[in-house]
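As structure tokens, the structure follows; a few thoughts come after it.
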Number of protein chains: 2
Amino acid sequence: MKTRRANSRDKILAAAADVAREAGPGSLSLDAVASRAGVSKGGLLYNFPTKAKLMQGLVENYLRAFELALESGRVAGASGESLLATYIRLSADDCEEPKPTASWMFSAIAEDPDFLTPIKAFKSQLLQRLKSETPDLKALLVCFLAIEGLRSMNLFDSDVLSADERRLLVSALLEIAG
Amino acid sequence: MKTRRANSRDKILAAAADVAREAGPGSLSLDAVASRAGVSKGGLLYNFPTKAKLMQGLVENYLRAFELALESGRVAGASGESLLATYIRLSADDCEEPKPTASWMFSAIAEDPDFLTPIKAFKSQLLQRLKSETPDLKALLVCFLAIEGLRSMNLFDSDVLSADERRLLVSALLEIAG
DNA sequence: CTTACTGTACCGTCTGGACGGTCTTGTCAA
DNA sequence: TTGACAAGACCGTCCAGACGGTACAGTAAG
């Protein structure tokens with residue numbers, strides 16, 4: 001890409017996610033991120049000229065990672081597996097971890113709700129793709145929304161479901177998805 | 001309750017929700033809420049001594065309203081309707097409105113993620129109740145999570161689903177719920 | 001006299017961001 | 001090979017503004 005030395009950008013992005021998760025989304029200040037990343041505030045501002053740019057970087061990073069995971073999940077999955085099934089599997093794995101990985105999203109929303117726009121667009125596009133590949137729209141909607149629910153629970157750190165229940169749900173969804 | 005004059009408390013709560021929705025969850029300051037509620041800052045601090053108390057009030061208000069709606073929904077619904085079906089209907093109605101009514105939740109999370117605890121507890125309890133009344137656990141989980149997904153979409157102001165699709169989803173869920 | 005405020009002035013803290021300086025690395029002419 | 005210099009990457013400090021919260025004097029209703 002661009003950076004020649006150690007990649008500060010990624011360190012900063014990771015640090016921001018850590019801070020949001022551990023200190024709470026309201027405590028995601030530039031100072032906190034900089035010190036967590038082992039970088040001075042000046043250095044942080046060099047990589048991300050404004051806080052908004054930092055948030056944007058977080059969002060883009062997130063979307064890119066998800067896209068990549070979806071692609072490589074398609075390859076790794078059983079051949080003939082539908083995209084919907086891959087998506088279900090992948091999301092279930094994501095939600096396996098007890099701690100939410102995307103608390104920073106709340107910080108972004110607080111900063112400016114428009115940061116959600118790319119995420120909405122991504123989801124919209126994904127649903128579109130799924131629709132074109134899935135014959136049963138009803139089943140698709142149910143699965144898609146249920147996964148959305150699972151993701152939101154993970155995001156909110158809601159341990160309402162037990163691990164067993166989560167597994168049961170996923171198997172039920174895969175069954176519905178066909 | 002306690003208040004004798006015009007109920008400032010409710011006005012303030014409503015104003016806080018409005019500010020969060022219109023100006024963004026990050027702009028929920030005491031000053032903004034006070035001026036929106038047509039109340040002086042002193043008056044606001046009289047009703048809610050700290051910002052945290054305000055958030056708590058918002059959460060409690062929300063939960064109380066939901067509980068009430070669920071109860072009156074049980075009465076209003078077709079006799080013999082299961083609790084799960086009532087919950088689905090109710091949530092679908094909630095999500096009919098295009099604009100999210102609970103943006104303040106993001107402010108609360110930013111303030112302190114622990115404000116979610118009562119909400120988590122409420123949901124946990126609701127699921128427990130549903131489990132004891134629903135024979136098919138699989139179906140219950142699918143429906144519960146799908147509704148959760150629908151709610152989260154509404155919260156995030158995600159118009160990924162069209163109105164038709166939403167209706168189709170709800171009818172599918174009611175079918176699954178039996 | 002108490003309750004339920006209003007209105008204003010004020011304080012300490014925190015935060016985003018601007019700014020100027022510094023160290024390192026790559027380039028290129030002599 | 002070397003020395004000059006430009007650009008890139010980062011440091012550390014400072015500041016204006018916003019925010020939560022306090023204090024207090026006043027007042028209208030019951």
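Here is the naming used below: chain letters follow the sequence lines, and residue numbers restart at 1 for every chain. Both backbone and side-chain heavy atoms feed into the values below; hydrogens, waters and symmetry mates do not.
Listed by chain and number, the residues in a side-chain hydrogen bond (donor to acceptor under 3.5 Å, both in side chains) with B:Glu22 are B:Arg36 (sequence neighbours excluded). Residues meeting the side-chain hydrogen bond (donor to acceptor under 3.5 Å, both in side chains) test with B:Gln56, sequence neighbours left out: B:Glu60. Take A:Leu30 and apply the side chain to side chain contact (heavy atoms under 4.5 Å, CB included) test, not counting sequence neighbours, and it matches A:Lys41, A:Leu44, A:Leu45, A:Lys51, A:Leu54. Judged as a side-chain hydrogen bond (donor to acceptor under 3.5 Å, both in side chains), and not counting sequence neighbours, B:Asp93 has no contacts. With sequence neighbours excluded, no residue satisfies side-chain hydrogen bond (donor to acceptor under 3.5 Å, both in side chains) with A:Ser107. The side chain to side chain contact (heavy atoms under 4.5 Å, CB included) search around B:Ser40 returns none, not counting sequence neighbours.
In this structure, A:Leu44 places its CG atom 17 Å from P of C:dC19, rounding to the nearest Å. For the pair A:Phe48 CZ and C:dG16 C1', the computed distance is 16 Å after rounding to whole Å. The distance between atom NZ of A:Lys11 and atom P of D:dA9, rounded to the nearest whole Å, is 14 Å.
Between A:Ser8 and the phosphate of D:dC10, there is a side-chain N or O to OP1/OP2 separation shorter than 4.0 Å. Side-chain N/O atoms of A:Tyr46 include one lying less than 4.0 angstrom from OP1 or OP2 on D:dA9. Contact between the side-chain N/O atoms of B:Asn47 and the OP1/OP2 oxygens of C:dA4 is not found at any separation under 4.0 Å.
For residues 162-178 of chain B, the salt bridge (Lys or Arg N to Asp or Glu O under 4.0 Å) pairs, not counting sequence neighbours, are A:Lys131-B:Glu165, A:Lys138-B:Glu175, B:Glu96-B:Arg166, B:Glu96-B:Arg167, B:Asp164-B:Arg167.
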Which protein N or O atoms sit under 3.5 Å from an N or O of nucleotides 11-13 of chain C?
none

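Taking the six-membered ring for Trp and thresholds of 30 and 60 degrees, A:Tyr87 and A:Phe66 have ring planes more than 60 degrees apart, a perpendicular arrangement.
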Nucleic acid footprint by protein, nucleotides 14-24 of chain D - heavy-atom cut-off 4.0 Å, B for base, S for sugar-phosphate alone
-----SBBB--
